[in-house]
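Let me begin by presenting the structure, written as structure tokens, before commenting on it.
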Amino acid sequence: MNYPEASNFIEEIVTTDLASGKWTHVHTRFPPEPNGYLHIGHAKSICLNFGLAKKYGGQCNLRFDDTNPSKEETEYVDSIMDDIKWLGFEWSELHYASDYFQQLYDFAVHMIKEGKAYVCDLSAEDMRQFRGTLTEVGRNSPYRDRSVDENLDLFERMRLGEFDEGTHVLRAKIDMASPNMNLRDPAMYRIMKVPHHRTGDTWCIYPMYDFTHGINDALEQITHSICTLEFEDHRPLYDWFLRQIPVPCYPHQIEFARLNLTYTVMSKRKLLQLVMSGAVNGWDDPRMPTIAGMRRRGYPPEALRAFAEKIGVAKMFSTIDIELLQFCVREQLNKTAHRVMVVLRPIKLIIDNYPDDHVEWLDADNNPEDPDAGKRQIPFCKELFIESDDFKEDPPPKYFRLSIGKEIRLKHAYYITAHSVVKDDCGHVATIHCTYDPESRGGWSKDGRKVLGTSHWVSAKHAVEAEVRCYDHLFTQQNPEDVAEGHDFMEGFNQQSIQTLIGCKAEPSLVEKNVGNRFQFLRQGYFCVDNDSQRDKLVFNQTVTLKDAWAKIEKKN
RNA sequence: UGCCCCAUGGUGUAAUGGUAACACACCGGUUUUUGGUACCGUUGUUCGAGGUUCGAGUCCUUGUGGGGCAGCCA
């Protein structure tokens, strides 16, 4: 039998298992805890798990790991499902760890009967003392050798709510001298008198991750249970639990390195802090590395998937340059986004030899990369706005935009030559006067003379006011986690990470567009219509800039 | 001074004992009605030391460096 070629170490394990007959199919799962929004790191995991199932003709479940009701909320459940669907994936089965609470309880009882679990009355503090340290073995709990009957009775009473939180836990009886801390009689159940977002008040004891996860995997007949590196030391425990219980199969836990990105943070705790402190405007702030944030920013799901594909899967700790993500976004948008003209920082341009009240409608390609995208018509008249960066009184070397006496092309329109400027009281150029060549309609001339510069523009009479929000890195340092003693990572928050431009001039076709629509603002970057946008007040988010060769030249000078 | 994992250009990833390659970034060029796109090219890589082998990025030993583990979190 032939399988697709493996492109990372996990796929190698999968193909080996398939070839050896260890498994006849592939069944993975994506197991988020609903205690926060998904971020680009989760997107990597989603693409891996769902992608594996797709590639090998298998299935992938979505399972919420909701065993800690004090942190979990329905809002997060909903956002997670929404994000996964938006990314372009469909789960085979939907499960919640909480759906297995009764079975888990029965398994725990089974383990007590087998002498593999006991109720411990040690306080959290005492348990820590008894556990030992990284270099010293632990000591057995004085409650370790309780009789099966006593354990059964105590565990039942824990379930019935007879004890206060923190007074009792159910522990696995393994080895207090193990060099692997996870095997030093880990807790299986704790008392939490907290209502659960799905089971309500049914339970006041909740199972721990290590006890729950492997069993859930086995019950769902997961073949390859993929998780991140920090669970490596838990694998012996994962395997141990499955051996104590009659389960239908033995899934294989495989660990890979989580994603890190430059100039941002990925831990849920830090992201939560950004949201709660008001540094950003919610989980879907376009600066956030959350899927919701990137979606609002205008990142297409195809770009996120391409990114996940390019970064690969390995066990080495690494940090991906955020430029690669931006490359994937540009690559996708270049193929699909319609080009429009919007002047971000307008300056008035008057064509002295153009008839006063005349309006021409000119043809413009929607996307030169895609002939099927068609054309639209844009209005042209005597008074226009152009980008203030596109004119200089004292042009530096290699500047081939507009200056006095120079000729440039207005995209899709005419050649113009600047002649004079009018300044405001502060001495800033307020208006540029120019003349146009009526023979150059469409932006080219019969004599074949070359113009170096091409500017975008918007007819003053037809321009639509817009607000445009431009974004920069969330943090000023490549690695925001790398902070000196006594300092907080929030000190590295980039106060200039958002720049709101008002009074931008957009071409009129943009009025009819919908929230989420993505465009290339010619010569500037990719932008999308923000949720806040209204017909009489357009709001755009900058998704990513275009590459800018001139900016590099300017920087060198 | 316990246990586990990792080490390939600037950043990532591949090479499965047989010519170290791909992407991004960088630098240079060609094309261009976007200083975009596309295309071409340059620079640059196996952590150190031993060993096995005809041959080692790959296997072994060891050193060094990095990461993880002492929640009744996941």
Side-chain angles (χ1 to χ4, degrees), chain A residues 6-9 12 31-33 35 65-68 70-72 97 120 122-124 127-129 131-138 165-171 178-184 186-192 205-206 208-210 212-213 227-236 255 257 262 268 309-328 330-331 334-335 339 341 365 368-369 398-401 409-413 415 440 442-444 451-456 478 520-525 545-554:
Chain A
S7 69
N8 59 55
F9 80 99
E12 275 172 29
E33 183 190 11
N35 68 342
D65 229 326
D66 54 354
T67 56
N68 184 352
S70 68
K71 291 186 176 178
E72 296 149 6
C120 183
L122 251 27
S123 67
M127 245 181 90
R128 180 158 46 244
Q129 294 296 331
R131 188 155 34 230
T133 68
L134 295 176
T135 53
E136 294 165 50
V137 299
E165 287 187 12
T167 58
H168 300 266
V169 292
L170 182 73
R171 300 176 69 177
S178 173
N180 182 339
M181 302 293 289
N182 298 122
L183 265 23
R184 318 244 265 225
M188 292 166 58
Y189 269 91
R190 75 288 215 188
I191 300 168
M192 280 183 108
I205 57 172
Y206 291 95
M208 303 288 291
Y209 167 86
D210 285 305
T212 307
H213 203 90
C227 62
T228 44
L229 249 29
E230 68 269 27
F231 292 100
E232 232 160 359
D233 287 344
H234 293 240
R235 192 177 348 119
E255 311 84 15
T262 54
K268 279 190 189 171
E309 185 67 31
K310 279 185 201 293
I311 59 178
V313 178
K315 297 190 73 166
M316 188 174 76
F317 178 90
S318 65
T319 303
I320 308 284
D321 193 334
I322 200 159
E323 291 264 7
L324 181 60
L325 213 209
Q326 296 177 338
F327 167 82
C328 293
R330 287 191 189 104
E331 189 179 46
N334 177 50
K335 290 186 286 195
R339 274 61 169 167
M341 295 203 287
D365 289 325
E369 303 294 318
K398 293 184 188 165
Y399 185 83
F400 44 83
R401 275 114 99 144
R409 171 170 40 237
L410 294 178
K411 180 75 177 178
H412 304 306
Y415 287 4
S440 63
W444 59 281
V451 291
L452 284 171
T454 300
S455 282
H456 58 279
Q478 277 214 4
Q520 183 193 111
F521 289 2
L522 218 64
R523 301 205 304 135
Q524 318 224 56
T545 60
L546 249 27
K547 287 227 243 174
D548 190 348
W550 169 241
K552 279 184 188 174
I553 296 168
E554 252 188 330

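No experiment lies behind these values; they were computed from the predicted model shown. A, B, ... follow the sequence lines: proteins, then strands. Residue 1 opens every chain.
- Rounded to an integer number of Å, the gap from A/R235 CZ to B/A74 P is 20 Å.
- Heavy atoms of A/F317 sit nowhere under 4.0 angstrom from any nucleic acid atom.
- In this structure, A/A124 reaches the bases: a heavy-atom distance under 4.0 Å links it to at least one base atom across the strands shown.
- Using cut-offs of 30° and 60° for the angle between ring planes, the A/F231 and A/Y209 rings count as tilted.
- In this model, the phosphate group of B/C3 is not approached by any side-chain N or O of A/S178 to a distance below 4.0 Å at OP1 or OP2.
- A/E165 comes within 4.0 angstrom of no nucleic acid atom, judged by non-hydrogen atoms across all strands.
- A/I320 comes within 4.0 angstrom of sugar-phosphate atoms only, judged by non-hydrogen atoms across all strands, and of no base.
- Minimum atom distance to the side chain of A/A314 is reached by B/A14, of the listed B/A14, B/G2, B/G35.
- Put simply, OH on A/Y209 is 7 Å from C1' on B/A74, counting in whole angstrom units.
- The shortest distance between side-chain heavy atoms of A/D233 and A/M181 does not fall below 4.5 Å.
- Nucleotides B/A56 and B/U46 have their C1' atoms positioned 11 Å apart, rounded to a whole Å.
- A salt bridge does not link A/K71 with A/E33: every distance from a Lys NZ or Arg NE/NH1/NH2 to an Asp or Glu carboxylate oxygen is 4.0 Å or more.
- Straight-line distance from the CD atom of A/E136 to the P atom of B/A70: 16 Å, rounded to whole Å.
- Spacing of P atoms, B/A20 relative to B/G57, comes out at 9 Å, to the nearest Å.
- Between A/K268 and B/C73, a side-chain N or O to OP1/OP2 separation shorter than 4.0 Å is absent.
- Across B/C72, B/G2, B/U34, the shortest atom-to-atom separation from the side chain of A/L522 is found for B/U34.
- Counting atom types as modelled, A/Q524 pairs no side-chain N or O with a base atom of B/U34 as donor and acceptor under 3.5 Å.
- Across all strands shown, B/U30 is found opposite B/A38 as a Watson-Crick or G-U wobble partner, with both distances under 3.5 Å.
- Base contact: A/P368 has a heavy atom under 4.0 Å from a base atom.
- Residue A/R339 has its side chain nearest to B/G36 when only B/G36, B/A25, B/C69 are considered.
- With a 3.5 Å ceiling on both atom-pair distances, the Watson-Crick or G-U wobble partner of B/U61 is B/A49.
- Residue-level contact check: A/Y189 touches neither bases nor backbone, having no heavy atom under 4.0 Å from any strand.
- If you measure from atom CG of A/L183 to atom C1' of B/C4, you get 12 Å, rounded to the nearest angstrom.
- With distances taken from any side-chain atom of A/K315 to the nucleotides B/A70, B/A74, B/C6, the minimum falls on B/C6.
- Following rounding to the nearest Å, A/H234 (NE2) and B/G71 (C1') show an atom-to-atom distance of 10 Å.
- In this structure, A/W550 forms an aromatic stack with the base of B/G35, since both conditions hold: centre separation below 5.5 Å and plane angle below 30°.
- Listed candidates were B/U34, B/C27, B/A23. Nearest to the side chain of A/K310 is B/A23.
- You'll find that the side chain of A/S318 is closest to B/G12, out of B/C73, B/G35, B/G12.
- Heavy atoms of A/M192 sit nowhere under 4.0 angstrom from any nucleic acid atom.
- Looking only at side-chain heavy atoms (C-beta outward), A/K310 and A/C328 come within less than 4.5 Å of each other.
- Taking the P atom of each, B/G50 and B/G71 are spaced 43 Å apart, rounded to whole Å.
- The nearest heavy atom of RNA chain B to A/G312 and to A/F521 marks one nucleotide each, and the one closer to the 5' end goes with A/G312.
- Of the P atoms belonging to B/C59 and B/G17, the separation is 9 Å, rounded to the nearest Å.
- If you check every strand for non-hydrogen atoms under 4.0 Å, A/S123 touches a base.
- Here the CZ atom belonging to A/F400 is positioned 9.0 Å from the OG1 atom belonging to A/T454, to the nearest 0.5 angstrom.
- Straight-line distance between the C1' atoms of B/A38 and B/A74: roughly 47 Å, to the nearest whole Å.
- For A/L134, counting side-chain heavy atoms from C-beta on, the closest listed nucleotide (B/G2, B/G35, B/A74) is B/G2.
- B/U37 and B/A23 have their P atoms separated by 16 Å, with the value rounded to a whole Å.
- In this structure, CG of A/L325 is placed 15 Å from P of B/G12, rounded to the nearest angstrom.
- Taking 4.5 Å as the limit, every side-chain heavy atom of A/Q524 sits out of range of all side-chain heavy atoms of A/T545.
- Taking CE from A/M192 and OG1 from A/T67, the interatomic distance works out to 9.0 Å, rounded to the nearest 0.5 Å.
- Using a 4.0 Å cut-off between charged nitrogen and carboxylate oxygen, A/R190 and A/E165 do not count as a salt-bridge pair.
- Taking atom P on both nucleotides, B/A21 is separated from B/U45 by 12 Å, rounded to a whole Å.
- Side-chain atoms of A/S70 and A/N68 include a donor-acceptor pair closer than 3.5 Å.
- No contact: A/L410 has no heavy atom under 4.0 Å from any strand.
- Contacts of A/D233 with the nucleic acid, taken as non-hydrogen atoms under 4.0 Å apart, include base atoms.
- Annotation: A/Q326, atom CD; neighbour count of heavy atoms from other residues, nucleotides and ligands within 6.0 Å is above 12.
- At whole-Å resolution of the value, CG in A/L324 and P in B/G10 are 17 Å apart.
- Rounding to whole angstrom units, CD of residue A/E230 and P of B/C5 are separated by 16 Å.
- When the side-chain nitrogen and oxygen atoms of A/R131 are compared with OP1 and OP2 of B/C72, one or more of them lie within a distance under 4.0 Å.
- Look at B/G50: its glycosidic torsion is beyond 90° from 0, and that puts it in the anti range.
- Here A/E369 lies in heavy-atom contact (under 4.0 Å) with a base.
- Using a 4.0 Å heavy-atom criterion, one finds that A/I311 contacts the sugar-phosphate atoms exclusively.
- Here B/C3 sits opposite B/G68 as a Watson-Crick or G-U wobble pair (both hydrogen-bonding atom distances under 3.5 Å).
- The side chain of A/R523 places an N or O atom within less than 4.0 Å of a non-bridging phosphate oxygen (OP1 or OP2) of B/G35.
- The listed nucleotides are B/A14, B/G35, B/G36; the one nearest the side chain of A/R401 is B/G35.
- The residue A/K335 sits apart from the nucleic acid: no heavy atom pair falls under 4.0 Å.
- Distance noted for atom C1' between B/C6 and B/U58: 15 Å (whole Å).
- Picking from B/U34, B/A25, B/G2 the nucleotide with the shortest atom distance to the side chain of A/T135 gives B/G2.
- For A/Q478 and B/G10, a side-chain-to-base donor-acceptor distance below 3.5 Å is absent, hydrogens and geometry of angles not being considered.
- One finds no side-chain N or O of A/R171 lying less than 4.0 angstrom from the OP1 or OP2 phosphate oxygen of B/C72.
- Backbone-only engagement by A/T454 is indicated by non-hydrogen atom pairs under 4.0 Å involving sugar-phosphate atoms exclusively.
- Listed candidates were B/C73, B/G36, B/C6. Nearest to the side chain of A/L546 is B/G36.
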